[in-house]
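Heads up: numbering here begins at 1 and tracks the sequence. Worth knowing before you read on, the calculation uses all heavy atoms, side chains too, and leaves out hydrogens, waters and symmetry mates. For ligands, and for the atoms within them, numbers begin at 1 and follow the listed sequence.
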Amino acid sequence: MPRTISTSLIEARNLRVYFYVKKGALGKRGIVKAVDGVDLVIEERGIVTLVGESGCGKTTLGKTVAGLLKPTSGEILFRGKSITRMNRKEYMEYRRSVQIVHQDPYASLNPTKTVFQTLSYPLMRWKLVRGRAEAEEKVKELLRLVGLTPPEEFMRKYPHQLSGGQRQRVVIARAISVNPSLVVADEPITMIDVSLRLGILDLLLKLREELGTAYLFITHDFGAARYFSAKGGGVIAVMYLGKIVEIGPAEEIIQHPLHPYTKALIDAVPVPDPEISRKKRMPPLRSLDIPSPLSPPPGCKFHTRCPDAMPVCAEKEPPLVEVRPGHYVACWLYAK
Ligand SMILES: Nc1ncnc2c1ncn2[C@@H]1O[C@H](COP(=O)(O)OP(=O)(O)OP(=O)(O)O)[C@@H](O)[C@H]1O
Ligand SMILES: [Mg+2]
């Protein structure tokens, strides 16, 4: 029987992205291991939700997956092919297929361009439309898709005439305009008014239904991760100082978190019912401060904050092991 090779949309293999920075007043050089040996698979139409605190490397990982940053080592495969081994045509196809939505919708849009100019540019650049009339039709369709109606009105507006939520919808329209297979949504709701956040998450999920887009959804807020994956399913990956410390099917991670860090992230989500919130309280973190990424602790990088730390945690780094089906965790409580 011929062997079938299953190819995922994106695969990151032992990915490392290091930054060389000046350290301290003497200007000594230091290394920030922003992404430090990450393996990640994103399937066609799949959702991977990446959660972790500020500075743990989420944006760096997202940008590297989208081809905006070069890995220090390791590789990115797009539909089974390493992006460093692609010819120009294949590489362009990969770059079109992976689009990114950044956190700040204010910085992402050129203030001197109308919504029509912003949205028609990528359509022209990737030769997806011919001429202005076709561009106008396509832009109207995109605006309707992201809920900015009537499109004729929004087309003429400048970014300063839009609310934060509307701007982010324009940014999302721009990302999907070139028919990407994957959208890296990097904290797409963080800078948006709380009342509009769920609307943006629902829009992303609706677009997945309609267009079949896969997502790498990045957030520091486990509440948003839970909302997104409760509706969309997929995988949750928890990141701490450059490493994935827990990963598995979303439902499994939410119902049976194993890593003390994941439990702390879940615990930080406000719960409306005080009864539940009292019952599920875990012992507090030993320290609220994230260690400096320039000199992370030895062993398990989380041990300085971990309520369950044991002597081994300060010495050896725990491997990522499968504890339940498809559910991996890097913690000495579970590794042998
Ligand atoms: N261009 C750069 N030069 C030097 N250091 C960088 C650079 N970009 C990121 N870093 C460092 O790499 C680490 C990871 O940063 P990154 O922005 O990926 O984290 P993040 O998880 O997205 O954080 P946030 O929640 O604040 O967006 C941080 O310590 C950051 O200071
Ligand atoms: Mg970030």
Can you measure from CG (L61) to CG (L69) and round to the nearest 0.5 angstrom? 10.0 Å

Give the minimum heavy-atom separation between G326 and P249, together with the two atoms involved. O-CD, 3.5 Å

Can you confirm whether Y121 is buried at OH, in the sense that more than 12 heavy atoms of other residues, nucleotides or ligands lie under 6.0 Å from that atom? no

Please report how many protein N/O/S atoms lie under 2.8 Å from the Mg ion (ligand 2). 1

Side-chain heavy atoms under 4.5 Å apart, restricted to Ile/Leu/Val/Met/Phe/Trp/Tyr: what other residues fall into the cluster of L258, or is it alone? M310, V312, V321, V323, V329, W332, L333, Y334

Between the side chains of S181 and R79, does any donor sit under 3.5 Å from an acceptor? yes

Does K63, at its NZ atom, have more than 12 non-hydrogen atoms belonging to other residues, nucleotides or ligands within less than 6.0 Å? no

For the residue pair D221 and T219, confirm or rule out a side-chain donor-acceptor distance under 3.5 Å. no

Residue by residue, ordered by chain and number, which ones reach under 4.0 Å of ligand 1 with a heavy atom? F19, V21, V32, A34, E53, S54, G55, C56, G57, K58, T59, T60, E187, P293

Residue pairs, two or more places apart or on separate chains, that pass side-chain hydrogen bond (donor to acceptor under 3.5 Å, both in side chains) and touch residues 311-327: E246-H327, E252-R324, E252-H327, H256-R324

Mind listing the closest non-hydrogen atom pair of V35 and Y18 along with its distance? O-CE2, 3.7 Å

